[in-house]
Amino acid sequence: MSATTIPEDASTGPAAGGRRVHAQIPDDKAMLRAAVELTRDINTARPEIYWPDMLLSTAIGYGALAGAILFEPLWLAILSGLVAIFALYRALLFIHEISHLHRDGLPGFRTAWNLLVGIPMLTPSLMYDSAHRIHHTRTRYGTVEDPEYMPLALMKPWSLPLFVLVAALAPVALVVRWGILAPLGLVIPPLRRFAWERFSTLAINPEFRRRPPEAKERNWYLFQQVGASIWAIFLMTTPFWLGWKPLLVAMIITAAVAVFNQLRTLVAHLWENEGEAMTVTAQYLDSVNVPRNIAAVWAPVGLRYHAVHHLIPSLPYHSLHEAHQRISAHLGKGSTFEEASHRGMWPLVGRIAKSTMGKRN
């Protein structure tokens, strides 16, 4: 059974020759129905996958980080650093899964991840979970209220390299946020509010302002903030008794993780919306699937199926490949579903870069 295909002048993806997604593309009801019906039996997070994956990635990442600091041969230190980048990158991206986990799903996983990864990397889950759910809100995706959206494909050409490279400043920014602004905020309430609104969310939209946390979240967020602040202050003291090398190597590796993640973010969507509320199908087509297995290296933890994720946000990462296979087989070639599949990172970067160089109406 094939889904209703979208009009030729409003389509996108490889089969559409790079035409822009229109915000009000009619919803493909056959595709939306198939996405729900074909994935009901794979919609539960499996602890036997989540826990070993997160723990092993974390252990390898920190072990390799220690090697990058301690190994004497430069080539071995660099090799260890590369392993640390990829392992810590994978471990860190579980922050995305945590934002979608049911409150009763995987007991203890959120706390363990924050203690092992989020707080040590100064990126506790509070910086992502509630704000990320706004990104999946039907009426706010792609609008000025979306913390994770900017019309990058419609901006100036220089905005793309700046978007990626500014992420290299993340380690310094996080140390300042938790090691300086957080303690000062205890005695300067306006600074505390400012830091919460502007510097407590992994957002790319400079217009986004975070609202105060809900009452049910306050204690949980306070635990994370105190932990991140104590750890950041500890890191700031290490040059005085360990020397500068450990901190500098750790910051270089985490900067590389941040840049790598920003590059992945650049190709997670087509970034073609100018602030309008979008239909679910338009949101799907403005998002990206890269079914090739090699994409799991640069978009791990299921993020190579980002468009499928936007169709079914609650689906655990280990089910996204199966979901893509099922829906694709059910709807067939030429369906709307196939339109969100792309060949890889660099063709996507090229498409977005080319769009920035186009003429504006």
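Quick note: numbers below take in every heavy atom, side chains included, and nothing from hydrogens, waters or symmetry partners.
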- Message: To check you understand the geometry: which heavy-atom pair defines the closest contact between M236 and G179, and what is its length?
- Response: SD-CA, 3.9 Å
- Item | Minimum heavy-atom distance between S125 and I98, given as atom pair plus value | CB-CG2, 4.1 Å
- Message: Side chains of N43 and R40: any donor to acceptor distance under 3.5 Å?
- Response: no
- Message: Tell me if the CZ atom of F240 is crowded by more than 12 foreign heavy atoms within 6.0 Å.
- Response: no
- Query: Does the side chain of E97 reach to within under 4.5 Å of the side chain of M54, using non-hydrogen atoms?
  - Reply: no
- Query: Less than 4.5 Å apart, any side-chain heavy atom of L348 and any of V290?
  - Reply: yes
- Query: Above 12 or not: heavy atoms from other molecules or residues under 6.0 Å from CZ of R292?
  - Reply: no
- Task: Flag the pair N114 / W220 as yes when at least one side-chain heavy-atom distance between them is below 4.5 Å, and no otherwise.
- Result: yes
- Query: Stepwise, does the salt bridge (charged side-chain N to carboxylate O under 4.0 Å, His left out) test hold for R193 with E197?
  - Reply: CA-CA 6 Å; R193 288 192 296 271; E197 291 177 357; over 6 Å; no
- Task: Report the C-alpha separation of N261 and W298 in whole Å, then their side-chain angles, then the decisive distance to 0.1 Å, and conclude whether the side chain to side chain contact (heavy atoms under 4.5 Å, CB included) test is met.
- Result: CA-CA 8 Å; N261 183 61; W298 54 266; over 6 Å; no
- Note on the structure: To the nearest 0.5 Å, atom CD of E217 lies from atom CD of Q224 at 10.0 Å
- Message: Closer than 3.5 angstrom, by distance alone: can the side chain of R304 be matched with the main-chain N or O of A295 as a donor-acceptor pair?
- Response: no
- Is S80 reaching over with its side chain to a backbone N or O of A64, donor-acceptor style, under 3.5 angstrom? yes
- Query: Can you tell if the side chain of P246 reaches within under 4.5 Å of the side chain of T238, non-hydrogen atoms only?
  - Reply: no
- Task: Decide ring pair (Phe, Tyr, Trp, His ring centres under 6.0 Å) for Y305 and Y317; before the verdict, give the C-alpha distance in whole Å, the side-chain angles of both, and the deciding distance to 0.1 Å.
- Result: CA-CA 9 Å; Y305 294 112; Y317 78 100; over 10 Å; no
- Message: So if I apply the side-chain hydrogen bond (donor to acceptor under 3.5 Å, both in side chains) rule between Y141 and each of N273, D286, D146, T279, which one comes out positive?
- Response: D286
- Task: Determine, stepwise, if the pair Y284 / D27 fulfils side chain to side chain contact (heavy atoms under 4.5 Å, CB included).
- Result: CA-CA 10 Å; Y284 172 77; D27 275 323; over 6 Å; no
- Task: Check whether any side-chain heavy atom of L270 lies under 4.5 Å from a side-chain heavy atom of R351, and answer yes or no.
- Result: yes
- Smallest separation among heavy atoms of P300 and Y89, with atom names: CD-CE2, 3.5 Å
- Query: Under 3.5 Å, is there a donor-acceptor pair between the side chain of R138 and the main chain of M278?
  - Reply: yes
- So which heavy atom on R133 is nearest to which on S99, and how close? NH1-O, 3.1 Å
- Hey, quick one: are V172 and L92 part of the same hydrophobic cluster, counting side-chain heavy atoms closer than 4.5 Å, chains of contacts allowed? yes
- Within the side chain of Q262, is there an N or O that forms a donor-acceptor pair under 3.5 Å with the backbone of A167? no
- Scanning both residues in full, the closest heavy-atom pair of P52 with P47 reads CD-O, 3.6 Å
- Before giving the answer on side chain to side chain contact (heavy atoms under 4.5 Å, CB included), spell out for L116 and L55 the whole-Å C-alpha distance, their side-chain angles and the decisive distance to 0.1 Å. CA-CA 9 Å; L116 295 173; L55 292 174; 3.6 Å; yes
- Query: Short question: side chain of S200, backbone of A195 - any donor-acceptor pair under 3.5 Å?
  - Reply: yes
- Query: Given the rule in the side chain to side chain contact (heavy atoms under 4.5 Å, CB included) test, do L247 and L242 qualify, once you have shown the distances and angles that lead to the verdict?
  - Reply: CA-CA 9 Å; L247 182 61; L242 283 178; over 6 Å; no
- Task: Kindly say whether R140 contributes a backbone atom to a donor-acceptor pair with the side chain of E145 at under 3.5 angstrom?
- Result: no
- Message: How close do M251 and V175 get, counting heavy atoms only, and between which atoms?
- Response: CE-CG2, 4.5 Å
- Message: Any side-chain to backbone donor/acceptor pair from S328 onto Q325? Under 3.5 Å, distance only.
- Response: no
- Message: Could you measure the distance from the CG atom of L174 to the CE atom of M121? Nearest 0.5 Å is fine.
- Response: 9.5 Å
- Verify the cluster assignment for I42 and I49: are they in a single hydrophobic cluster under the rule of side-chain heavy atoms below 4.5 Å apart? yes
- Using 30° and 60° as the class limits, which term best fits the ring planes of H135 and H132: parallel, tilted or perpendicular? tilted
- Can you get from L65 to I252 by hopping between Ile, Leu, Val, Met, Phe, Trp and Tyr side chains that sit under 4.5 Å apart? no
- Contact check, side chains of V308 and N289, non-hydrogen atoms, under 4.5 Å: yes
- Do side-chain atoms of Q24 reach the backbone of A277 as a donor and acceptor pair under 3.5 angstrom? yes
- Query: Going from CE on M155 to CD1 on I352, what distance comes out if it is rounded to the nearest 0.5 angstrom?
  - Reply: 12.5 Å
- Message: Tell me whether the count of non-hydrogen atoms from other residues, nucleotides or ligands lying under 6.0 Å of NZ in K245 goes above 12.
- Response: yes
- How are the rings of H269 and H310 set relative to one another: parallel (under 30°), tilted (30 to 60°) or perpendicular (over 60°)? perpendicular
- Group every Ile, Leu, Val, Met, Phe, Trp and Tyr by side-chain heavy-atom contacts under 4.5 Å, then state whether W75 and I253 land in the same group. no
- Item | Geometric class of the F86/F260 ring pair [parallel <30°, tilted 30-60°, perpendicular >60°] | perpendicular
- Message: Tell me whether the rings of Y221 and W196 are parallel (<30°), tilted (30 to 60°) or perpendicular (>60°).
- Response: tilted
- Close aromatic pair by centroid cut-off 6.0 Å: W178 and F234: no
- Candidate pair S130 and R210, rule side chain to side chain donor-acceptor pair (under 3.5 Å), full reasoning: CA-CA 10 Å; S130 62; R210 188 166 187 172; 2.9 Å; yes
- Using a 4.5 Å cut-off on heavy atoms from C-beta on, say whether the side chain of T265 contacts that of W271. yes
- Residue I294 excluded, over 12 heavy atoms near CD1 under 6.0 Å: no
- Check: L38 main-chain N/O paired with R326 side-chain donor or acceptor under 3.5 Å: yes
- Task: Decide yes or no for H321 and H324: does some side-chain heavy atom of the first lie under 4.5 Å from some side-chain heavy atom of the second?
- Result: no
- Between the side chain of S229 and the main-chain N/O of Q225, is any donor-acceptor distance below 3.5 Å? no
- Task: Determine whether more than 12 heavy atoms belonging to other residues, nucleotides or ligands lie under 6.0 Å from atom CZ of R211.
- Result: no
- Query: Transitively linked via ILVMFWY side-chain contacts under 4.5 Å: L70 with L82?
  - Reply: yes
